[in-house]
Every structure is written in C-alpha cells, then in structure tokens.
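Contents: one structure, followed by commentary.
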2 protein chains.
Amino acid sequence: MAKGRVTVIDIAQAAGVSKSTVSLVLQGSPLVNEGTRTKVNAVMRELGYVYNRGAANLRQSGAKSKIIGVVVNDLTNGFFAELAVGVDMVVQSAGFVQFLSNTSESLDRQREVIASMREHGISGLILSPSRATEASDLKPLVAAGIPVVVAVRNVPGARVSSIVSDNREGIFAGVQHLASLGHRRIAFLGGFNDTAVFDERLDGYRAAMANCGMALEESLIVPSAPSRAGGADAIGRALAIEEKPTAAVCFNDAVAFGVCDGLRTIGLEPGRDFAVVGFDDVIEAKTAVPALTTISVDPQGMGRRAAQLLLKQINAGKAEAEAIVSSVRLVVRESCGSGAIAKRQSSPIMA
Amino acid sequence: MAKGRVTVIDIAQAAGVSKSTVSLVLQGSPLVNEGTRTKVNAVMRELGYVYNRGAANLRQSGAKSKIIGVVVNDLTNGFFAELAVGVDMVVQSAGFVQFLSNTSESLDRQREVIASMREHGISGLILSPSRATEASDLKPLVAAGIPVVVAVRNVPGARVSSIVSDNREGIFAGVQHLASLGHRRIAFLGGFNDTAVFDERLDGYRAAMANCGMALEESLIVPSAPSRAGGADAIGRALAIEEKPTAAVCFNDAVAFGVCDGLRTIGLEPGRDFAVVGFDDVIEAKTAVPALTTISVDPQGMGRRAAQLLLKQINAGKAEAEAIVSSVRLVVRESCGSGAIAKRQSSPIMA
DNA sequence: TGACTTAGTTGGAACGTTCCAATTAAGTGC
DNA sequence: GCACTTAATTGGAACGTTCCAACTAAGTCA
C-alpha cells in the first residue's frame, strides 16, 4: 500500500481493462458497460485510489481546475470572514475548492498571493481589494481570460465584475428613519471624502434630505477618519456650528461609536439627547450600550452572490463584466431613542 | 498573446536555449551561466510567462505541491477566523498557499473537503475537527504520509500532531483568582460532560479547589449545553442547592453570559452579588456589561504555531506526531467585582 | 453473404514540467 | 598532444491523466 501512488493504470490492471476505460468511468461517461463500471469502481475503492486532478487539468489545459481564489483584505474583520463563508458555501457545493488568502491591506501581499494562485491554476478569482488596488493589478488576469469578481470595494477602471453594497440606499434609509422620528437637522459624519464609498453614501444623504424637504447645509457634512477617534472628532465639530444638529448618520459603525463617546464627554446621552445611526452592523453594534441603530449589509449573502456570479462566468467561458449592488437593510435598535420604534427589531428595505 | 499558454519551451525558443536550461533557471540552479540566466529571465517577463506548478509537481511526484489545506469547523466564529489568519501568515511567507474550507460542524462536509483537497495534492493539513470526528477519518491521510495537525480540539486515537489550548491551567487560574478574592464556594458551570475539553477543564477546577484547600462538592459541578441558554439553566440549578455558591467558573463565555442572564432574572447583579469567570475571551467579552473576566487564548498565535509545526513536518518528510498545548492567560475585567483588581487589565500565567 | 450500425473498448500521443545521463567546450597539468 | 577536470548545456524519458482515432464483436438489413 505504501509503495507510490495508486494510478489509473494500477486500477486498469487490477480490473482487467485499459486505462482509457478507467478514465471513462472516472468521468461518468455513458459509454462504458454497467458491469465494467461497477467492477472498476470496486477496485478503486479497494486500492484506495485518489484522483490526481493536477495531472488531469494538465491535459485538458486551461480548462477547469476546480479551484477558485479568494483574496480578502482583512479576514480578522468579521465582515470578511462572513463573506468568505458565503463564497465557500456555493463554491463547495459546486465541487470546487477555494484558495483563501489574507492581504492585511498590503498591495505587495496581494500581488504575491494572486501570482501564486495563478501558478496553481485558479479558474477564477474573487477579490476584496486592498486599498489603492489599481486596474493594472488585474490586467494580466483578465488578459489571460480568468474571470474576476471584485467585492465590497470597486476597482475603478478595471473591466471586471463587481458586487458592492448599496451605499446610497442605506444612508437614504437611515436619514429617512431619523426624519420620521421628527429630526430636522441631521448631520453626515465621518469618512474620508476622497473615496468612492464616501461619495456614494454622501449622495444617499443628499438625496434623502432633499426628499424630506430638509435644508442641505454644507456645515452639516463633516468628514473625518473612518474610525472611533474620527467620530469623536467629527461630532465635536458638528456641534460647534450655529444651529446644531439633533441627529447624525455616520459613515460607519466605528464612527458612530466615536460619536457616542464624544457626546458623553460633553454630557449628552446618545439615544436620548441625540440620535445616531451607523453603517455596517458590526457584531458589537448589537451589544453596545445603547445598541446601535445601523445599516446592515449581509456579507454572507454577498459572498454567495459573488461566487454564483463567478461560477456563471467560469462555466460560460466568457467573462462579461457585470455590476451587482447588494441590497441593505435598516436595523432599528436603541441609539435613536423612541422605545416604541425600537420594538420592531428591523425593517427590510426595497432595493 | 492570447494564443494558448506560454510554456517553458516558448521561452527556450525565444531565448535560444533548451527547455532544460530554462527549467534550471526556474529552480535557481547555480549551474547556469549568469548571462544566460538574466537573458532567460528577461524573456520570461517579456512573454508574460506563468509557471505551471501543476505540471511541475506531476513530475516530482508526491513531493512539494506548495499547497496546504486548512479545514475549520466554524469560520464565522471570530476565534477560527483568527486561527486561519495566523496560519495564513506563516504559510504565505513560506511560499505556500492554503485551501481554506468551512465545515459548519458537518462531518460529511469535512470528509468531502478533505477528499477534494487530497485530489488537489495538498502536502499537509491543518484541521480544526468538527464534532465527532474519529481517528478513522484521518487514517487515509496519515497512511499516505500527509502530515496532519489537529487544532483546538483533539481527535482521540489519531496518530497526528495536535495543538490545543491549556484548558486545565486556564480554569485553574480562574478558580485561583476567585479564591484570592475571598470566594470559598465556587461552582463549575456548563459544558457537555462527555467531551475531552470538558474533562480537562473540570480537571483544572478540581486541582485548583484542592490546591486552595476548598471542599469539593459534586453538587457544585453542573454541566449543561455550552450555550447562553445552557448557562442560564446551570446557574438556576446551582443556586437551588443548600449552601449556595458565591462565584462560578464557566465552561466558556457563552455559558458565562447565560449565567449573567440567569442571575439578573432572580435579582442578582453579576459582578456585585456573584462573581463570574468565562473562557475564550470572545469579542463581546470586552464590551459586555459587566465586562467579562475570562480566560483568553490567542487563536492567531495558535494558528501560527500550528502552521510552523506542519511546515516542519512537511520539510522533514516525516511526520513525528507531536502534541503542543498552547498557554492561556487570565484577563481580569469586571464580572468578579472588586474595582481595585479590575485595574490591572490582565495578568499572564506561566504554562 | 456482405455492407452497415452500434456498443464498448483500446493504444498512443499529448499536456508542461523535472530529472538523468550524455554532450560539448574550454581549461589544466605534465 | 594527451588524459583529465570543470562549467554549461542538452535531448529524451517520465509523471498521471484525457482525448482521439482506431478497433472488435455482435447485431441488423436487404
């Protein structure tokens, strides 16, 4: 048993057929006699045969390796872990395996792992690009005809498919929720104003303010680092203006938490004295005090859809670039006050 | 450019050498002339050559595929995501890539993905086994000489390496901490009593109780499902006995949270009226109210060590089974009361 | 009977590498 | 000038599979 690998030739010999026939059995071809098939299968089990996929897709060159690559920028972030799980689910049931690598936002690492995956012959790639990824980074892949789906963040200029969450609609819903609670002066806090995601969210803010007939003041828009510290800073600046806001939609949950911190340092209690809406629905959003009202994106679902799209392109043999925006829902908790409303745990939104 | 793959033969032709020489260059052999080497490398870059690792390790059969498999039972759990990241770090810098699959505790899935990975020629496997994994599940792997490292949970009877956290020492430290705060009646709550992990933790409890000269009463040990609901149930039963406990070490953090719930429903405030210690240090432990005093294991470090061990075995060509227990530390927060002590954020423990 | 069809099987070439033994070219010692 | 060493290169076989064209055996039709 321990002598070398069991090959298709060993099976052929033991079953008294040719290697070609064994190969046919392997592929489930209808050309082989039922008797031979069962015989061959029995021998395989008996000898502990392991299919050598490497050899196989050496022959059927370029075709199906049954491997896809998944590269994410931060797997320690629950969001991306969920994304990976979603991908894994559909990929597994399609009989594929996935390479999964983490880049920690490093462009070099990203380049390395993608190169490495190519050497191993991936038939497609799902990429949650690290910051500053450029279209040129993906150029060789698409030139080689390998389908690519970028997720979460877009790569401007790259002719690949993408799936991102509906940033505009999410913030829109957040603002509308605040308006329905009676707020008229609503700020937009946090985020670097030179990113595509920021633009989309700000766009949603503007649209919702207009939609509710509220004044749009530039002083109510205060960018900052998309972090807790940035949020604390932003709320400070927002409350320094003449007509102070009474509520805010935040660039993300981290900013929202920072806003809560900032409010408390000046004696205001978030949820009671000031309403706060986040974005992302990170795990802590549920357990924080007050529990954060936020925009929830379904990362696992995004992963599933990304994988489905990729598999579709792999099977089609042609990668028609396609852009999906993943819908998003408002989750009402306690950070906007109003216990009555907080009772309905969440409300879905049409995309 | 789009016509087929660029092969080593194309390079050879373009550079005016033989394919053997190109191969030598690829492997960084010192046998080739410096001039030829740079020439060949230049041509490779020019033609956009991509190394075909599949073909390579078809030839050097059984040797190094530069792929390792990682299979975890629940990637949505932050603990395992961190573990995977740790593995990825060392695996990446060793020039390997990892297959990563999630089993969601399903034995069937686990079998499938492991089989699939074998077909793709992994040179080693890191497995955080799903419940009820048996030694026989790993038998074929070790028979084929593929190194296996099981992590987090042990697989009894399997002749493979393992890395698990120091369950005994962790609980021991928890009990000792409670004793140092003056508690004399300390319960051990939660966990299914038919698992190896339970036994190890209970063992730590017994040893610590004995060590502190405290009575060991069986009624203070109450198993339950290792979940929040289980914890609530367990504390109820623990407080129904004659001489009630004043503190508890819990099987894990989920149980500990359940214990807090249970305490509150009968009007007791955890951290003030009853001391609670968890195990795992999940993310919520820090943000919960009261913040949970718990035993922290370093999953990323575990992942790194698991990967190092596996690579060592792969390089050695022989898989000497080795058992590592990963040390663990007590993190003191607020769920045992005593603000004075809570000030020192954590205290390391000798393993 | 001979020409066909059909179901099942088969040998050999090919995929892109690596390894081995063989070869060439040039230098070295005497 | 000969036997040697050394440095660099090379052709061909091999790895385990798939694909193709060819083949066999048996049945069908007129």
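In what follows, chains are A, B, ... by sequence order, proteins preceding strands, each numbered from 1. We use all heavy atoms of the structure for the numbers below, so side chains are in, but hydrogens, waters and symmetry mates are not.
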Please report the distance, rounded to the nearest Å, between [atom1] in [X] and [atom2] in [N].
X: A:I9; N: C:dG11; atom1: CD1; atom2: P; result: 11 Å
X: A:L26; N: D:dG16; atom1: CG; atom2: P; result: 14 Å
X: A:R37; N: C:dT9; atom1: CZ; atom2: P; result: 10 Å
X: A:N57; N: C:dT17; atom1: CG; atom2: C1'; result: 14 Å
X: A:Y49; N: D:dT17; atom1: OH; atom2: C1'; result: 7 Å
X: A:E119; N: C:dG16; atom1: CD; atom2: P; result: 15 Å
X: A:E34; N: C:dA7; atom1: CD; atom2: C1'; result: 13 Å
X: B:L58; N: C:dA14; atom1: CG; atom2: P; result: 17 Å

Below the 4.0 Å mark, does [N] have OP1 or OP2 next to a side-chain nitrogen or oxygen of [X]?
X: A:S23; N: D:dT18; value: yes
X: B:Q60; N: C:dC19; value: yes
X: B:Q27; N: C:dC19; value: yes

Check your understanding: So, A:N52 and B:E119: side-chain donor and acceptor under 3.5 Å apart, yes or no?
Key -> no
Under 3.5 Å: donor-acceptor pair, side chain of [X], backbone of [Y]:
X: A:R37; Y: A:S29; answer: yes
X: A:E105; Y: A:R131; answer: yes
X: A:N154; Y: A:P156; answer: no

**Study point:** Position toward the 5' end of DNA chain C (nearest nucleotide), A:T36 or A:K19
**Key:** A:T36
Check your understanding: Taking the nucleotide of DNA chain C with the closest heavy atom to each, which residue, B:L24 or A:G16, is nearer the 5' end?
Key -> A:G16
Check your understanding: For the base of D:dT17, is there a side-chain donor-acceptor partner from A:R59 under 3.5 Å away?
Key -> no
Review point. Is a donor-acceptor pair below 3.5 Å formed from side chain B:S20 to base D:dG11, judging by atom type as modelled?
Key: yes
Point to revise | Candidate list B:Q313, B:E320, B:E322, test side-chain hydrogen bond (donor to acceptor under 3.5 Å, both in side chains), partner B:S161, passing option | key: B:Q313
Exercise for review: Would you classify B:T7 as touching base, sugar-phosphate or nothing, given that sugar-phosphate means primed atoms plus P, OP1 and OP2, and contacts are heavy atoms under 4.0 Å?
Suggested key: sugar-phosphate
Review point. C:dG16, D:dT17, C:dT17: which one has an atom nearest the side-chain heavy atoms of B:Y51?
Key: C:dT17
